[in-house]
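For reference, the structure is listed below as structure tokens.
This one's a predicted model, so the numbers in the text were calculated from it and none came from an experiment.
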Amino acid sequence: MSSLLEKTEHFVSELFEKELPNSCMYHNHDHTKRVFKSTKEIIDSINIANEDKEVLLLTALLHDTGYSKSSKNHEELSVEIAKDFLSKQNAPKTIIDKVSKQIMATKMEHEPVDQMEEIIRDADASHFAKDYYGETSELLRKEFKLNDVKDLNTVQWLKANIDLFQNKHRYYTDYAKEKWGPKKEENLAKMLKELSRIKKEKKKRKEKEKEESPEKGIQTLFRVTLRNHLKLSDIADTKANILLSVNAIIISLALSNLIPKLDNPSNQYLIYPTLIFLIFSIISIVLSVLATRPNVTSGEFTRKEIEEKKVNLLFFGNFHKMPLDEYKWAMHELMDDKDYIYDTMIKDLYFLGKVLHRKYKILRITYTVFIIGIVSSVISFAIAFSTLQ
């Protein structure tokens, strides 16, 4: 290493140690040493003038010194620092100018115009083809965030790096293409695989959130409640049918066995008990019929009622007289409005509850009448038989 290179390396090391902000987690002395080493690798593999070799190595050492002042326009700042330092070291003007030109060539958007620019550009991006690329990339992301350059999350940063590898960066020298190209492609494949994994996990997470979302819980609530209402309605109808059947049998037995005997004067004591028996049975039958008797509404609605969300389209009694086209239009209006759907389902449950209340209220009265009738009939028959004796 020449005397100028040694002095430059010492100068850069001290500059970074004393003046480089802690926020520069990537653009620091470690990065500079990596670029210096990569530059030496390339120039050792080709024939190039000694002065140009020195220029490239000086550039590798000085190209990021501007970060000691600011991360903005650091290339221009690096040129100023390089000119000032090299001038103090009495470096030839040709070398100073060449170093300044090479530093400006490290700008990301710059397209190399000669072999020297290609070399420094490849050396500056040599970490793209290293095993530790993921670690250095993460350091750069944190540095961007700390310096208010970019604030990207893991996925956004991964996508930005993939785009950089695929569309914005390429190696220029034969050495970089041969030695670093395959490893760069390997790192790209790793990033694509990682992005795919993250997307799959995100999709699974979304599906899980969807399954556990309040909306699904609301739908389950409506479904279970509706099913319970219908079961309770079936139970009420079954109970009413039992009462109807029992009382029908009682009346049938009474008509076939007791009534014919009342013509005989000796059986007149059975008249009042039999009447009580029949009256209570008839009342029970009537109440059972009322409990199961359906209520059918008008079966018509207007467009204004649909627009005002007043009609429950889930109940047949509100639309059975309407033309199919009108009903289809109304259902589309319902399906296009989430709030209307929930409002309709709430109304459906509410009025089902009202119907159930009416059924169970009448059933309770029916069972009470039936019990009173049976007890009264037994007592009246007992009294009638006791008076006969």
Side-chain angles (χ1 to χ4, degrees), residues 153-156 158-159 194-245 287-368:
N153 61 35
T154 305
V155 175
Q156 291 170 331
L158 198 56
K159 287 180 178 178
E194 178 65 11
L195 182 61
S196 177
R197 184 190 66 79
I198 292 172
K199 284 182 176 179
K200 285 179 181 177
E201 285 185 357
K202 189 176 180 181
K203 185 179 179 181
K204 286 180 181 177
R205 191 163 57 248
K206 281 185 176 180
E207 287 174 355
K208 188 177 180 181
E209 287 173 358
K210 189 176 180 182
E211 287 176 1
E212 297 174 353
S213 68
E215 185 138 342
K216 188 172 180 65
I218 292 169
Q219 291 169 7
T220 304
L221 168 71
F222 278 120
R223 187 165 53 250
V224 171
T225 308
L226 180 60
R227 185 167 62 241
N228 290 340
H229 275 54
L230 293 175
K231 282 183 178 179
L232 287 170
S233 182
D234 287 341
I235 291 169
D237 291 341
T238 302
K239 288 178 181 291
N241 286 328
I242 290 170
L243 279 174
L244 273 169
S245 300
L287 289 172
S288 297
V289 171
L290 288 175
T292 56
R293 180 172 173 266
N295 245 354
V296 181
T297 51
S298 64
E300 294 179 316
F301 59 80
T302 62
R303 289 204 169 211
K304 185 178 180 182
E305 288 175 323
I306 297 297
E307 289 166 0
E308 293 175 356
K309 305 177 185 179
K310 290 182 178 179
V311 181
N312 174 14
L313 293 170
L314 303 182
F315 177 56
F316 80 96
N318 292 330
F319 62 79
H320 64 90
K321 289 184 181 178
M322 297 299 296
L324 176 60
D325 290 341
E326 284 293 307
Y327 180 65
K328 283 171 67 177
W329 169 83
M331 283 301 293
H332 281 296
E333 289 292 309
L334 170 65
M335 290 185 290
D336 289 340
D337 190 336
K338 181 180 170 184
D339 291 334
Y340 191 11
I341 291 173
Y342 284 137
D343 187 54
T344 301
M345 293 174 76
I346 290 168
K347 284 180 181 177
D348 199 40
L349 288 176
Y350 175 78
F351 287 111
L352 270 173
K354 296 286 280 184
V355 170
L356 281 175
H357 173 260
R358 175 181 168 274
K359 281 188 177 185
Y360 276 89
K361 184 178 179 181
I362 295 174
L363 273 176
R364 183 179 178 82
I365 295 170
T366 307
Y367 272 93
T368 303

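Take Glu194 and apply the salt bridge (charged side-chain N to carboxylate O under 4.0 Å, His left out) test, not counting sequence neighbours, and it matches Arg197. Residues satisfying the side-chain contact (heavy atoms from CB on, under 4.5 Å) criterion with Lys304, sequence neighbours excluded, are Thr302, Glu308. For the side-chain hydrogen bond (donor to acceptor under 3.5 Å, both in side chains) test, no residue two or more places apart in sequence or in another chain qualifies with Asn241. Under the side-chain contact (heavy atoms from CB on, under 4.5 Å) criterion, Lys202 pairs with Arg205, Lys206, sequence neighbours left out. Among residues two or more places apart in sequence or in another chain, the salt bridge (charged side-chain N to carboxylate O under 4.0 Å, His left out) test is passed with Glu326 by Arg303. Partners of Leu290 according to the side-chain contact (heavy atoms from CB on, under 4.5 Å) rule, which considers only residues two or more places apart in sequence or in another chain, are Val286, Leu287, Arg293, Ile362.
Here the closest non-hydrogen pair linking Ala291 and Ala240 is CB-CB, 4.5 Å. For Leu232 against Leu356, the heavy-atom pair with the smallest separation is C-CD2, 3.7 Å.
Here the straight-line distance linking atom NZ of Lys204 with atom NZ of Lys199 works out to 15.5 Å at 0.5 Å rounding. Summarising the geometry, atom CG belonging to Leu363 is positioned 7.0 Å from atom CG belonging to Leu243; distances are rounded to the nearest 0.5 Å. Separation of atoms CG (Leu349) and CG (Leu221) is listed at 8.0 Å; rounding is to 0.5 Å. For the atom pair CD1 of Ile198 and NZ of Lys200, the computed distance is 12.5 Å after rounding to the nearest 0.5 Å. Taken from OH in Tyr360 to CD1 in Ile365, the straight-line distance is 15.0 Å, to the nearest 0.5 Å.
Legend: side chain to side chain donor-acceptor pair (under 3.5 Å) pairs involving residues 229-238, not counting sequence neighbours, sorted by first then second residue: Ser233-Lys359, Asp237-Lys359. For the salt bridge (Lys or Arg N to Asp or Glu O under 4.0 Å) condition, the pairs that include at least one residue of residues 342-357, sequence neighbours left out, are Asp343-Lys347. Within the structure, ring-ring contact (aromatic ring centres under 6.0 Å, His included) contacts touching residues 330-355 (residues at least two apart or in different chains) are Phe222-Tyr342.
Looking only at side-chain heavy atoms (C-beta outward), Met345 and Ile341 come within less than 4.5 Å of each other.
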